[in-house]
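These numbers come from the heavy atoms of this one structure, side chains and all, not from hydrogens, waters or symmetry mates. Here is how names work: the chains are called A, B, and so on, in the same order as the sequence lines, proteins then strands, and each is numbered from 1.
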2 protein chains.
Amino acid sequence: MASEMSRRERPAKPALSRGGIVAAAVGILREEGLRKVTMRRLAQELDTGAASLYVYVRNTAELHAAILDELLGTIAPPPSEGDWRDRLERLLTAYTSMLLEYPGLALSALVARPSGENYLGLVENLLALLAEGDVPPEQRAWGIDLLLQYATTTAAEHADEEPQGDWDALARAVRDADETTHPRIAAHSADLLTGQPAQRMSWGLRVLITGITHTAVPPERNPT
Amino acid sequence: MASEMSRRERPAKPALSRGGIVAAAVGILREEGLRKVTMRRLAQELDTGAASLYVYVRNTAELHAAILDELLGTIAPPPSEGDWRDRLERLLTAYTSMLLEYPGLALSALVARPSGENYLGLVENLLALLAEGDVPPEQRAWGIDLLLQYATTTAAEHADEEPQGDWDALARAVRDADETTHPRIAAHSADLLTGQPAQRMSWGLRVLITGITHTAVPPERNPT
DNA sequence: ACCTGAACACCGTTCAAGT
DNA sequence: ACCTGAACACCGTTCAAGT
């Protein structure tokens, strides 16, 4: 009986599967950041060799895309009451917050566009909100691209692992800007450096919503 | 004499310097993309060992930032005639085009904010253009951040080394969207997929300019 | 101060061989 | 079909030793 229990206590080698691989990858991502989600590290976690993973995943890029797709399923559903602008802002903020929880993920989200069910769901919700605001159809389609791009990039910028050095250098450069060679920077130095991330993001989203609402797309739109 | 010539034909080892290192890095970037700009590859090009480079450059991230700073100096100066909106659009498009010439650079530009002379010059020019459009000062400062972020991200998205797979998958998913579960996507599928990159970018910039012009920043802007 | 070789601790991906 | 070990061709960074 004891031996039967110990046989079952920890299944020594659960069979590999795409789902299991992605789940393990999310685990490493959460604990150690995307940079550590490597084929070798993942294989180690799954008690196998890196080569075995290639049965389920084409390459590292596809693995990262699968992770993103998975996590898109965890973002809170859009609120159903309130002004459409506020709800749009809240949905995109939830998306950005999710990306910020996983160091490094946002940067990969910028390149590896997902195409899974959860991504489509997000696009669907965004289109519905813009429709509610009576934004013309063509502007809705191009607009959500802009909104998602902005939300993703904002997360990517804040997801830098050690942003200290870069930012300090930039802040110093702006503060010390020569009044004669860079008069505008000198005059604006305060505003260039102020604003909490959340304030900036909220303003950015309102800028986009206003712009999308008021800017017509070109009449001839050739296919890509 | 022949021996003297051959001694001089190719200076076997020019002394290392930060400038020489960055110049060689730009060469590799241009030929082979940023991914190949590694300490080891660069050392090989300079006929030395990778360890020697650490005298002039703190790490790979700083090297990439230095490259970007350098290339910012090559973008065309802003045109001095025409509507301020058009000139703004042209300056930002020149910036994006420069990033697109160097595969991989845009992605690093998103994270490694430069702080060199050329970056400050670009910011100065952007501030001047928004001032010409009578955009209120606080909106100018926050606005250029949005504009640069958009121009950089747009380049990063198009700089993917093999975007084929991802994009095809997304296009298929959008076209095949189920009309009952994703009615908005089904209805908008044409507009979601059309538009040449240049058209989209131009529209995006106009959206931002319009939005920045019409959206006030919050009255209390706490420091970061 | 600058430069070097060697070492440490990693990578992605492929492939022949096994089951 | 799936899994494996080993190999190939790389990485960034540190450090003791030399000049």
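The nearest whole Å value for the distance from the OH atom in A:Tyr56 to the C1' atom in D:dT4 is 13 Å. Between the C1' atom of D:dG12 and the CD atom of B:Gln44 lies a distance of 16 Å, rounded to the nearest Å. Atoms CG (A:Asp47) and C1' (D:dG5) sit 14 Å apart, rounded to a whole Å.
At a threshold of 4.0 Å, the pair A:Glu32-A:Arg41 counts as salt-bridged, since one of the basic side-chain nitrogens sits closer than that to a carboxylate oxygen. A salt bridge is defined here as a Lys NZ or Arg NE, NH1 or NH2 lying under 4.0 Å from an Asp or Glu carboxylate O, and A:Arg18 with A:Glu62 meets this definition.
Among C:dT13, D:dT13, C:dG12, the nucleotide with an atom closest to any side-chain atom of B:Arg40 is D:dT13. Among the nucleotides C:dC11, D:dC11, C:dG5, the one closest to any side-chain atom of B:Arg41 is D:dC11.
Distances shown here put a side-chain N or O of A:Thr60 below 4.0 Å from the OP1 or OP2 atom of C:dT13. Of the side-chain N and O atoms in A:Ser52, one or more sit less than 4.0 angstrom from OP1 or OP2 of D:dT4.
With C1' as the reference atom, C:dC3 and D:dT14 are 14 Å apart, rounded to whole Å.
Sequence order on DNA chain D of the closest nucleotides to B:Ala61 and A:Val55 puts A:Val55 first from the 5' end. Along DNA chain C, the nucleotide nearest to B:Leu16 and the one nearest to A:Tyr54 differ in position, and the one closer to the 5' end is contacted by B:Leu16.
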Open item on the list: Could you spell out the base pairing of DNA chain C as a dot-bracket line? Use Watson-Crick and G-U wobble contacts where both distances are under 3.5 Å, [ ] for crossing pairs, | for partners on a different strand.
Closed with: ||.|||||...|||||.||
